[in-house]
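Written below as structure tokens is the structure these notes are about.
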Amino acid sequence: TDWSAASGGGLAAKKVQSVGLDVSAKRALVEPDAKNPSLRRQCALLGLNRSTGYAPAPVGDERAENQRVMDRINAIYTDHPFYGSRKLTAARRREGYPVNRKRVRRLMRAMGLVSIAPKPDTSRPHPQQAVYPYLLRGVVIERPNQVWSTDITDLRIERGWAYLVALIDWHSRYVLAWRLSNTLDTTFCVEALTEALEQHGTPEIFNTDQGSQFTSAAFIEVLNHHHIRISMDGKGRALDNIFIERLWRSLKYEEVYLKHYQSLREAQTELSVYFRFYNTDRPHQSLDDRTPEQVYRNAQPPQLLGQQHRF
């Protein structure tokens with residue numbers, strides 16, 4: 001909340017801004033740790049009883065409100081993955097829901113969301129992480145198993161969040177393997193990679209971002225064991241992994257946002273149905289209205305020769 005502007009504008013101006021807000025919405029604007037203005041002054045500016053401002057929100061109410069905010073943040077982020085906490089905060093305010101940036105930043109961390117927009121001084125890898133160059137610039141993608149890539153996204157379930165990793169073949173958009181987890185550890189990523197290699201052979205190049213799961217020793221060891229060339233996205237380069245970003249968008253709008261998963265098991269079941277549909281029944285315009293499985297399993301038809309992709 002821009003308290004400096006509110007304080008300078010007088011009590012009436014701030015009260016006008018808070019018209020129509022219920023007590024829980026006003027309390028969400030209060031920043032207890034702020035020194036200027038004081039908590040007492042914040043309550044006055046919001047037209048909030050001081051005892052209400054000092055009292056912590058009921059745990060159930062706060063949890064429910066956080067879930068509502070996270071659901072909307074997740075939807076906005078899916079449309080605009082280059083949005084950071086500042087733009088997400090502004091987007092929520094434009095929709096008529098006042099929320100402060102600290103809260104948005106905290107909830108983004110809880111969901112594992114990071115803007116793909118370039119940030120100052122973020123290109124330095126952690127000294128203990130293996131980081132590889134991006135190998136696909138200028139490369140024509142023209143056959144299955146030429147390039148695979150992977151990424152992680154988050155999914156809302158009844159009592160929190162789950163994390164989904166998927167591997168995709170760039171040429172055909174075929175989803176090779178996927179895993180769901182309630183933690184962001186490395187294990188479920190390694191399991192998905194191992195399954196893809198066992199069922200589909202080895203790609204020439206494997207492309208990932210520089211996330212800790214994909215730069216971990218366990219993940220890199222599997223790729224090296226199969227003599228696969230490793231390519232990693234540049235920091236903040238959205239187009240380096242564009243096909244899997246499109247997969248996430250399709251998944252969320254065609255499946256996730258239409259459902260309300262009650263448990264990890266239910267999410268697992270529903271995602272199995274969706275990925276079967278995506279691979280075997282869903283036509284892709286970029287594949288001449290063929291399915292990913294048709295393009296992956298069969299030789300490239302002549303009409304697709306003009307639809308090769310160069311990076």
Side-chain angles (χ1 to χ4, degrees), residues 1-7 14 17-18 21 24-37 39 42 45-46 53 56-57 61-126 129 151-157 160-164 182-184 209-215 233-242 244-245 248-249 251-253 256-257:
T1 303
D2 188 355
W3 291 113
S4 59
S7 299
K14 191 61 184 182
Q17 294 178 33
S18 62
L21 301 180
S24 62
K26 291 179 182 180
R27 184 162 45 197
L29 288 171
V30 174
E31 299 176 11
D33 299 328
K35 299 188 183 300
N36 185 24
L39 182 57
Q42 291 180 50
L45 291 168
L46 290 167
D61 291 350
E62 183 178 5
R63 183 180 296 118
E65 176 62 19
N66 280 341
Q67 291 294 358
R68 284 193 291 271
V69 175
M70 286 193 290
D71 286 347
R72 187 57 191 142
I73 286 174
N74 192 37
I76 296 171
Y77 180 85
T78 298
D79 282 340
H80 310 290
F82 50 87
Y83 273 18
S85 60
R86 185 186 300 278
K87 284 188 171 64
L88 285 169
T89 301
R92 286 295 286 156
R93 289 175 179 171
R94 283 196 304 274
E95 294 174 343
Y97 295 95
V99 63
N100 65 63
R101 188 182 177 190
K102 289 180 182 177
R103 186 183 186 192
V104 170
R105 188 184 292 125
R106 173 170 57 83
L107 296 178
M108 287 181 70
R109 281 199 299 267
M111 292 186 288
L113 300 183
V114 179
S115 168
I116 61 175
K119 305 174 189 66
D121 203 30
T122 56
S123 58
R124 288 186 199 165
H126 188 281
Q129 290 179 336
D151 195 17
I152 297 172
T153 193
D154 56 87
L155 305 175
R156 174 84 166 84
I157 58 175
W161 294 87
Y163 303 97
L164 171 67
N182 58 1
T183 63
L184 273 170
D209 63 22
Q210 296 181 23
S212 60
Q213 295 83 4
F214 308 130
T215 59
D233 303 344
K235 289 283 188 175
R237 286 182 51 87
L239 294 179
D240 287 354
N241 217 359
I242 189 65
I244 204 155
E245 293 292 343
W248 294 151
R249 182 178 175 84
L251 169 72
K252 291 189 176 183
Y253 278 100
V256 176
Y257 293 158

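Scope of the values below: all heavy atoms of this structure, side chains included, with no hydrogens, waters or symmetry mates. Numbers here are sequence positions counted from 1. No experiment lies behind these values; they were computed from the predicted model shown.
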Would you please test Arg72 and Arg92 for side-chain contact (heavy atoms from CB on, under 4.5 Å) and show each step? CA-CA 8 Å; Arg72 187 57 191 142; Arg92 286 295 286 156; 2.9 Å; yes
Check step by step if side-chain contact (heavy atoms from CB on, under 4.5 Å) holds for Leu88 and Arg105. CA-CA 9 Å; Leu88 285 169; Arg105 188 184 292 125; over 6 Å; no
Kindly indicate, with the supporting measurements, whether the criterion side-chain contact (heavy atoms from CB on, under 4.5 Å) is fulfilled by Lys252 and Asn74. CA-CA 10 Å; Lys252 291 189 176 183; Asn74 192 37; 3.5 Å; yes
Start with the C-alpha distance between Leu164 and Leu251, add both sets of side-chain angles, then the distance that settles side-chain contact (heavy atoms from CB on, under 4.5 Å), and finish with yes or no. CA-CA 11 Å; Leu164 171 67; Leu251 169 72; 3.5 Å; yes
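Checked options Ile152, Asp154, Val256, Thr153; the residue passing with Trp248 is Thr153 (criterion: side chain to side chain contact (heavy atoms under 4.5 Å, CB included)).
Summarising the local packing, CZ of Arg86 is surrounded by 12 or fewer heavy atoms from other residues, nucleotides or ligands at distances under 6.0 Å. Heavy-atom neighbours of Tyr97 OH from other residues, nucleotides or ligands within 6.0 Å: at or below the threshold of 12.
Asn100 and Arg93 make their closest contact through CA-NH2, 3.8 Å (heavy atoms, listed as atom of the first residue, atom of the second, distance). The minimum heavy-atom distance linking Thr89 with Arg101 is given by the pair OG1-CA, 3.4 Å. In this structure, Gln213 and Leu184 approach most closely via the heavy-atom pair NE2-O, 3.0 Å.
Within the model, atoms CG of Asp71 and CH2 of Trp161 stand 5.5 Å from one another, a figure rounded to the nearest 0.5 Å. With rounding to the nearest 0.5 angstrom, the CG atom of Leu155 is 10.0 Å from the OH atom of Tyr163.
Counted by atom type alone, Ser85 and Lys102 present zero donor-acceptor pairs between their side chains at under 3.5 Å.
Between the side chain of Gln210 and the main chain of Thr215, no donor-acceptor pair closer than 3.5 Å is present.
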